[in-house]
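Written below as structure tokens is the structure these notes are about.
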Amino acid sequence: MTNAERLKVLTGDITAQEVDAIVNAANTSLLGGGGVDGAIHSAAGPGLLEECRSLGGCGYGEAKATAGYELPARHVIHTVGPVYGQHQGQEPGILAACYRNSLALAEELDASSIAFPSISTGVYGYPKKEAAGIAVETLREYFQAHPDSRLADVRLVAFSEADAQIISACLL
Ligand code: AR6
């Protein structure tokens with residue numbers, strides 16, 4: 001299967017995605033927050049926070065999984081993107097690690113579909129074009145290295161039409 005068949009950009013609310021796993025742009029505490037994290041916790045219900053408390057936080061660029069509770073998604077993969085300007089130039093590598101580690105965890109969960117938000121591009125201030133470029137490049141490289149991956153439906157979920165256009169431009 002080609003990258004063009006696997007990778008799709010869409011506009012919408014990630015909490016509504018009917019996929020095996022959605023990715024959460026969390027913080028290192030994994031105890032909730034605003035933005036997409038807040039939306040995921042409110043749609044999933046209190047069971048999600050309870051499970052998150054047992055995880056002991058998460059490092060920048062790492063990923064940890066929970067169940068999806070009241071979400072249509074079976075799993076939530078929590079990853080912590082870089083705070084732009086706070087990692088001494090390591091931001092691109094940390095952001096790429098978020099995508100790679102989330103994909104690896106999705107494989108362990110036997111997922112065939114996954115939806116990503118635009119990690120770090122809200123509160124964490126990553127410039128959207130740069131972040132989209134890293135997201136797309138990292139996903140492409142991953143599937144070139146793992147051509148037999150079961151992940152056949154990989155969605156990049158933008159929260160606005162303008163953001164979707166930025167990501168789509170990187171996919172051309
Ligand atoms: N569906 C899809 N995308 C969304 C949604 C949604 N429901 N809501 C927001 N976005 P952000 P970050 C987009 O700030 O920059 C939290 O407080 C949004 O437009 O959610 O990684 C955490 O707890 C933006 O493009 O995450 C952390 O403390 C993208 O999701 C911190 O924010 C990411 O914005 C993480 O900051």
Side-chain angles (χ1 to χ4, degrees), residues 1-33 35-81 93-120 131-132 134-159 164 167 170-171:
M1 145 165 246
T2 65
N3 273 333
E5 288 165 331
R6 274 196 172 98
L7 306 180
K8 304 286 174 213
V9 180
L10 49 101
T11 307
D13 182 344
I14 202 164
T15 64
Q17 297 299 309
E18 296 186 9
V19 286
D20 293 326
I22 62 170
V23 176
N24 182 17
N27 58 60
T28 55
S29 78
L30 295 186
L31 298 180
V36 73
D37 194 6
I40 288 172
H41 274 272
S42 44
L48 181 61
L49 182 58
E50 206 175 304
E51 187 176 355
C52 282
R53 284 191 206 286
S54 73
L55 296 178
C58 184
Y60 290 104
E62 293 174 3
K64 292 191 177 178
T66 63
Y69 298 90
E70 291 165 45
L71 290 162
R74 273 196 296 133
H75 305 282
V76 180
I77 294 175
H78 307 264
T79 189
V80 186
I94 297 171
L95 187 59
C98 287
Y99 285 91
R100 267 199 309 275
N101 288 327
S102 297
L103 290 166
L105 202 45
E107 305 270 17
E108 282 177 33
L109 297 167
D110 253 341
S112 62
S113 53
I114 185 168
F116 285 93
S118 301
I119 300 164
S120 284
I134 291 164
V136 167
E137 189 190 322
T138 305
L139 293 170
R140 279 186 171 146
E141 283 175 6
Y142 179 88
F143 289 111
Q144 268 149 23
H146 301 86
D148 299 326
S149 168
R150 284 192 69 232
L151 287 165
D153 175 359
V154 179
R155 305 179 191 179
L156 292 166
V157 181
F159 205 40
I167 303 166
C170 295
L171 271 175

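When reading the values below, keep in mind they use all heavy atoms of this one structure, side chains included, and skip hydrogens, waters and symmetry mates.
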Closest non-hydrogen contact found for F143 with L7 is CE1-CD2, 4.1 Å

Quick one, V36 and F159 - any side-chain contact, counting heavy atoms below 4.5 Å? no

Qualifying ring pair (Phe, Tyr, Trp, His ring centres under 6.0 Å) pairs with a residue from residues 97-116, counting only residues at least two apart or across chains: Y99-F116

What pairs meet the ring pair (Phe, Tyr, Trp, His ring centres under 6.0 Å) rule with one or both residues in residues 3-27, with sequence neighbours excluded? none

Rounded distance [0.5 Å steps], CG in L49 versus OG in S42: 11.5 Å

Residues which pass side chain to side chain donor-acceptor pair (under 3.5 Å) with S149, listed by chain and number, not counting sequence neighbours: E107

Are any of the side-chain heavy atoms of L156 and V136 separated by less than 4.5 Å? yes

If you define the side chain from C-beta out and look only at heavy atoms, does anything of P117 sit under 4.5 Å from V23? yes

Heavy-atom check, side chain of R6 versus side chain of L139, under 4.5 Å: no

Those residues that, when tested against R155, pass side-chain contact (heavy atoms from CB on, under 4.5 Å) (two or more places apart): L10, Q17, V19, A115, D153, V157

Return the CD1 to CD1 distance between I40 and I22, rounded to the nearest 0.5 Å. 4.0 Å

I119 and C98: which non-hydrogen atoms are nearest, and at how many Å? CD1-CB, 4.0 Å

Set of salt bridge (Lys or Arg N to Asp or Glu O under 4.0 Å) partners for R150, sequence neighbours left out: D110

D37: partners by side-chain contact (heavy atoms from CB on, under 4.5 Å), with sequence neighbours left out: N24, A26, N27, H41

Who passes ring-ring contact (aromatic ring centres under 6.0 Å, His included) against Y142, sequence neighbours left out? H146

Begin with the C-alpha distance, continue with both residues' side-chain angles, and end with the deciding distance and a verdict on side chain to side chain contact (heavy atoms under 4.5 Å, CB included) for I77 and I114. CA-CA 9 Å; I77 294 175; I114 185 168; 4.3 Å; yes

Nearest-0.5 Å distance, OG of residue S113 to NZ of residue K8: 14.0 Å

Taken in chain and number order and not counting sequence neighbours, the residues that satisfy side-chain contact (heavy atoms from CB on, under 4.5 Å) with E5 are M1, T2

S102: side chain to side chain donor-acceptor pair (under 3.5 Å) partners, not counting sequence neighbours: none

Can you give me the closest heavy-atom contact between V9 and A164, atom names plus distance? CG1-O, 3.7 Å

Indicate every side-chain donor-acceptor pair of residues 68-76 with a distance under 3.5 Å to a residue at least two apart or in another chain.
residue, atom, partner, partner atom, Å
Y69, OH, E51, OE1, 2.6
R74, NH2, D20, OD1, 3.4

Output the distance between atom CG (L105) and atom NE2 (H78), rounded to the nearest 0.5 Å. 10.0 Å

Partners passing side chain to side chain donor-acceptor pair (under 3.5 Å) against Y60 (at least two apart in sequence or in another chain): none

Partner set under side-chain contact (heavy atoms from CB on, under 4.5 Å) for C58, not counting sequence neighbours: L30, E62, K64, V80

Is a side-chain donor or acceptor of N101 paired with a backbone partner of G61 at a separation under 3.5 angstrom? yes

How long is the span from the CD atom in E108 to the CG atom in L103, to the nearest 0.5 Å? 12.0 Å

Measure the CD-CG distance between E141 and N3 for me, rounded to the nearest 0.5 Å. 10.5 Å

